[in-house]
K.L.:
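My questions all concern the structure below.
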4 protein chains.
Amino acid sequence: MDLPAWEPRRVVAMAAVLPDGVTPPGTRGRILQAGLELFAESGFAGASIRQIARMVGINSATLYAHYPSKGHVLAELVRIGHEEMRARLAEAADGTRNDSAARQLTALVRAHVLVHTDYPLLAVVTNSELHALDPELAAPSLQLRDECRRLLADVLERGIKNGEFSLPDPLLAVTAIGGLGVQVAHWFGPALDRRREQVADQYAKFALRMVSPDR
Amino acid sequence: MDLPAWEPRRVVAMAAVLPDGVTPPGTRGRILQAGLELFAESGFAGASIRQIARMVGINSATLYAHYPSKGHVLAELVRIGHEEMRARLAEAADGTRNDSAARQLTALVRAHVLVHTDYPLLAVVTNSELHALDPELAAPSLQLRDECRRLLADVLERGIKNGEFSLPDPLLAVTAIGGLGVQVAHWFGPALDRRREQVADQYAKFALRMVSPDR
Amino acid sequence: MDLPAWEPRRVVAMAAVLPDGVTPPGTRGRILQAGLELFAESGFAGASIRQIARMVGINSATLYAHYPSKGHVLAELVRIGHEEMRARLAEAADGTRNDSAARQLTALVRAHVLVHTDYPLLAVVTNSELHALDPELAAPSLQLRDECRRLLADVLERGIKNGEFSLPDPLLAVTAIGGLGVQVAHWFGPALDRRREQVADQYAKFALRMVSPDR
Amino acid sequence: MDLPAWEPRRVVAMAAVLPDGVTPPGTRGRILQAGLELFAESGFAGASIRQIARMVGINSATLYAHYPSKGHVLAELVRIGHEEMRARLAEAADGTRNDSAARQLTALVRAHVLVHTDYPLLAVVTNSELHALDPELAAPSLQLRDECRRLLADVLERGIKNGEFSLPDPLLAVTAIGGLGVQVAHWFGPALDRRREQVADQYAKFALRMVSPDR
DNA sequence: AATGAATGAGCTTTCATTCAT
DNA sequence: CATGAATGAAAGCTCATTCAT
């Protein structure tokens with residue numbers, strides 16, 4: 001098996017893409033995108049307000065006409081990331097409300113993976129930089145994050161109850177399946193030569209196998 | 001299912017433990033431990049040489065009598081982390097050289113998980129701060145990391161060849177199984193009320209299910 | 001004797017009162033009052049244009065539609081303060097032109113004290129922030145200030161000449177008596193439980209005793 | 001009477017003199033002197049850490065090896081100023097403990113004036129910049145200040161009780177006499193051509209006249 | 001091995017001010 | 001008359017690192 005060289009970078013993908021409709025117009029939006037790129041690459045502490053401003057092409061003081069602090073830029077990114085995640089997971093769960101737990105889990109994992117392939121930089125920032133936020137700035141995102149975990153926990157619970165799944169310790173399954181997608185954001189990119197659906201489908205199958213009773 | 005509250009911290013565990021026999025004696029070792037704790041908590045960029053020195057109880061200039069730069073402290077931690085990882089994985093692979101691929105995979109995943117439960121801070125630093133290292137400081141660790149992935153890839157390849165495993169896209173299995181353990185370092189701690197072996201066993205079962213042919 | 005607790009604040013009084021008829025109408029006047037309050041409390045350098053604007057309820061850029069610079073706001077306040085002072089002292093001196101030097105000095109000191117009790121914030125700004133003005137902005141006020149000192153010097157001179165006063169070094173009396181009122185602006189306020197006339201009368205008596213020949 | 005031109009500067013004197021034995025050795029002391037000069041001239045808010053550093057001839061970062069913040073430099077100056085004041089006043093009061101109240105008041109006012117002629121910059125900073133200090137940094141000085149006022153209040157009380165003084169409202173005498181010296185710091189300097197004792201003697205006589213019964 | 005003093009570069013943030021709208 | 005966006009300069013302070021002792 002050919003293993004591609006390990007990338008010491010935090011994210012392999014390059015494009016600082018934000019979900020449709022959430023990028024504010026004008027300078028404010030360009031600040032957000034520059035923050036996304038730099039926070040993803042270097043972390044919150046490793047990226048400076050001047051770097052962001054330089055990337056946007058403005059004076060660093062101008063940034064403060066749009067965001068009250070560096071932390072607020074991160075907070076908005078983290079919030080957007082969590083909202084996209086929650087929206088996609090909720091839609092996946094909702095669209096399969098009446099299906100088998102297996103189908104619903106598949107939908108959830110696919111959605112989870114796809115949000116990481118579609119917005120890898122955002123996902124990395126969302127997952128890895130929460131610790132840098134002041135508690136009051138982090139609070140809204142923390143709640144969204146709990147809702148996401150709840151969606152996964154619920155489908156597992158349902159599958160266990162109706163016998164589709166076999167899980168002696170469901171909480172560990174939540175952490176394991178939840179962790180699957182997270183890693184995707186780090187390595188997914190054009191170099192790996194897999195389409196997004198390929199990864200999503202494969203990872204959904206992994207998840208399904210993880211929870212299914214041994215034969 | 002009761003989901004414990006999500007922790008915005010990077011690591012839930014507290015003790016800055018290093019593998020036996022690798023901590024240098026005296027001040028040099030205490031610097032390493034302080035660096036471990038602070039880099040794990042705040043990241044390389046977010047932790048300062050003065051914080052490290054304060055935690056050790058020395059003047060920040062004294063640090064330079066032991067390490068030529070802040071980066072070298074991180075480099076040593078990252079190297080130790082990778083060496084422990086490689087040693088444990090190699091031992092697991094070696095001890096099951098003549099067993100089935102399933103048994104060998106089980107041993108590998110168990111070892112992988114256990115190195116994350118035993119040294120969570122070290123694992124977080126090892127996995128998340130490589131990007132902050134100068135290339136020449138990172139190089140030795142990058143090679144160790146490739147060896148670790150090779151071990152996992154090899155057992156998967158063997159299982160596929162002899163029919164134990166069924167994997168249309170083995171590379172994705174490497175990323176998925178490899179990612180399983182990584183996440184453990186973030187949440188494993190006394191609060192979650194699972195013993196290290198419980199997690200290791202369960203995760204090994206997950207991995208095995210992931211690669212096993214559907215019924 | 002009960003000494004009230006010393007106030008580390010620059011002015012004890014709170015109301016940003018300006019003399020009748022000098023406050024410009026509309027926003028311009030509200031800027032002046034906000035400047036008065038903030039310059040009195042924090043000094044010219046310690047108060048920012050944005051604080052003033054916030055207190056007025058306008059954008060900081062709007063301020064420049066009314067005053068060409070921060071310094072001009074201070075200059076107008078300082079000018080108003082000096083003009084009020086000159087007007088009151090001149091009126092006091094004029095109204096007692098034909099009285100004894102003692103009566104005239106009494107009138108002057110009373111007026112001097114009262115202008116400090118009536119406009120304590122203005123007095124503090126007028127006395128303490130002149131140094132922050134550009135020379136050309138300060139010039140008109142400097143002249144008014146000299147006229148005020150002249151009035152005091154003249155009455156002392158007259159009293160010495162006609163034997164009412166006994167002062168080996170009249171210049172020191174000018175500084176001492178002039179300084180009496182200045183301090184009043186800092187501590188006069190409702191907390192000290194003295195009416196304005198009480199203070200004025202008492203200070204005038206002090207001044208008179210200072211200049212009168214020992215028995 | 002020739003009135004010298006009014007000086008818009010905060011202090012006429014130039015030499016940044018500190019009392020004997022209180023200037024710390026080396027850079028720390030030179031920082032203190034530069035702070036004294038600049039805070040006296042421009043106020044705390046109007047003087048910058050970089051100006052201080054430039055005057056000392058050091059990098060602005062070096063300042064933080066000696067003082068933890070700009071406020072701490074001011075706090076030390078203010079404390080020194082208050083301690084010198086308290087020491088001189090206490091010595092004056094103590095040395096005349098068994099004399100008449102008149103003699104004791106004379107000694108106090110003389111001491112008060114002399115501390116302002118001897119350390120005019122320090123006196124201005126001490127008196128005018130307390131408001132810029134954080135409460136916890138100001139607290140020690142506030143207590144010293146109260147002790148000073150107490151010394152003056154006590155002698156006035158004694159003089160009133162034994163009939164030497166006649167003061168219907170002694171509190172106003174405290175403010176007036178206390179204010180006498182304060183102003184001296186602003187204008188005392190070589191230009192005014194008065195020796196320190198001349199001013200002290202004259203002001204002491206003024207104070208004595210202020211409190212003595214009219215003939 | 002350890003220190004205090006020092007530094008140049010850089011940090012986040014605020015400053016007074018300008019300008020097109 | 002008022003604004004939001006923008007700016008260069010500067011604010012207080014911290015950074016990793018050096019060096020003489």
Side-chain angles (χ1 to χ4, degrees), chain A residues 25-28 30-31 44-53 56-73, chain B residues 25-28 30-31 44-53 56-74, chain C residues 25-28 30-31 44-53 56-74, chain D residues 25-28 30-31 44-54 56-74:
Chain A
T27 304
R28 191 178 158 94
R30 304 211 327 279
I31 291 170
F44 180 71
S48 85
I49 226 80
R50 280 169 159 89
Q51 280 179 288
I52 298 177
V56 175
I58 56 172
N59 188 293
S60 72
T62 303
L63 198 144
Y64 289 85
H66 299 276
Y67 292 92
S69 79
K70 185 186 173 190
H72 283 80
V73 178
Chain B
T27 303
R28 191 177 159 92
R30 306 218 319 286
I31 290 171
F44 179 71
S48 84
I49 224 83
R50 279 171 150 88
Q51 278 179 288
I52 298 176
V56 175
I58 56 171
N59 187 293
S60 71
T62 303
L63 199 144
Y64 289 85
H66 299 275
Y67 290 93
S69 82
K70 183 186 173 191
H72 283 79
V73 179
L74 175 59
Chain C
T27 303
R28 193 178 157 91
R30 306 222 312 289
I31 290 171
F44 180 71
S48 84
I49 223 81
R50 280 171 151 91
Q51 278 179 288
I52 297 176
V56 174
I58 57 171
N59 187 293
S60 71
T62 303
L63 198 144
Y64 289 85
H66 299 275
Y67 290 92
S69 81
K70 183 186 174 191
H72 283 79
V73 179
L74 174 60
Chain D
T27 303
R28 192 178 158 94
R30 299 203 341 271
I31 291 171
F44 179 70
S48 84
I49 226 81
R50 280 169 162 89
Q51 279 179 286
I52 298 176
R54 193 180 322 129
V56 175
I58 56 171
N59 189 292
S60 72
T62 303
L63 197 145
Y64 288 87
H66 299 276
Y67 291 92
S69 79
K70 185 187 171 190
H72 282 79
V73 179
L74 174 59

K.L.:
Work out which heavy atom in C:R30 is nearest to a heavy atom in C:V56; give both atom names and the distance.
P.N.:
NH2-O, 3.1 Å
K.L.:
Within this structure, what is the CD1-to-C1' distance between C:I52 and E:dT14, rounded to whole angstrom?
P.N.:
15 Å
K.L.:
CZ of B:F44 versus C1' of F:dC15: gap in Å, rounded?
P.N.:
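Atom CZ in B:F44 sits about 12 Å away from atom C1' in F:dC15.
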K.L.:
Output the rounded distance in Å from CD1 (A:I49) to P (F:dT14).
P.N.:
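Interatomic distance, CD1 of A:I49 to P of F:dT14: 18 Å.
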K.L.:
Can you name the atoms? Protein N/O to nucleotides 5-9 of chain F N/O, anything below 3.5 Å, with the distance.
P.N.:
| from | atom 1 | to | atom 2 | distance (Å) |
| --- | --- | --- | --- | --- |
| F:dA6 | OP1 | A:T27 | OG1 | 2.7 |
| F:dA6 | OP2 | A:T27 | OG1 | 3.4 |
| F:dA6 | OP2 | A:H66 | NE2 | 2.5 |
| F:dT7 | OP2 | A:N59 | N | 2.9 |
| F:dT7 | OP2 | A:T62 | OG1 | 2.6 |
| F:dG8 | OP2 | A:N59 | ND2 | 3.1 |
| F:dG8 | N7 | A:N59 | OD1 | 3.4 |
| F:dG8 | N7 | A:N59 | ND2 | 2.9 |

K.L.:
Roughly, in whole Å, what's the span from OH in B:Y64 to P in F:dT17?
P.N.:
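That distance rounds to 3 Å.
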K.L.:
Working to the nearest 0.5 angstrom, can you tell me the gap between D:I52 CD1 and D:L63 CG?
P.N.:
6.0 Å
K.L.:
May I have the distance from D:Q51 (atom CD) to F:dG12 (atom C1'), rounded to whole angstrom?
P.N.:
13 Å
K.L.:
Expressed in angstrom and rounded to an integer, what is the separation of B:H72 atom NE2 from F:dT17 atom C1'?
P.N.:
13 Å
K.L.:
Looking across every strand, which nucleic acid part, if any, lies under 4.0 Å from A:A45 by heavy atom: base, sugar-phosphate, or nothing?
P.N.:
nothing
K.L.:
In sequence, state the C-alpha distance, the side-chain angles, and the governing distance for A:I31 and A:I58, and then conclude on side chain to side chain contact (heavy atoms under 4.5 Å, CB included).
P.N.:
CA-CA 9 Å; A:I31 291 170; A:I58 56 172; 4.1 Å; yes
K.L.:
Please determine, for the side chain of C:K70, which listed nucleotide (E:dC11, F:dA11, E:dA16) has the closest atom?
P.N.:
E:dA16
K.L.:
Atom CD1 of B:I31 and atom C1' of E:dT3: how far apart are they, to the nearest Å?
P.N.:
14 Å
K.L.:
Contact class for A:A53 (heavy atom, under 4.0 Å): base, sugar-phosphate, or nothing?
P.N.:
nothing
K.L.:
Give me the atom names and distance for the closest heavy-atom approach of D:H72 to D:S69.
P.N.:
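Smallest interatomic distance, heavy atoms only, reads ND1-OG, 2.8 Å.
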K.L.:
Scan residues 56-67 of chain A for pairs that pass side chain to side chain donor-acceptor pair (under 3.5 Å), counting only residues two or more places apart or in two chains.
P.N.:
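Non-adjacent pairs meeting side chain to side chain donor-acceptor pair (under 3.5 Å): zero.
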K.L.:
Hunt down any stem DNA chain E takes part in, defined as 3 or more consecutive Watson-Crick or G-U pairs whose two distances are each under 3.5 Å.
P.N.:
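Stem list for DNA chain E: E:2-21 with F:2-21.
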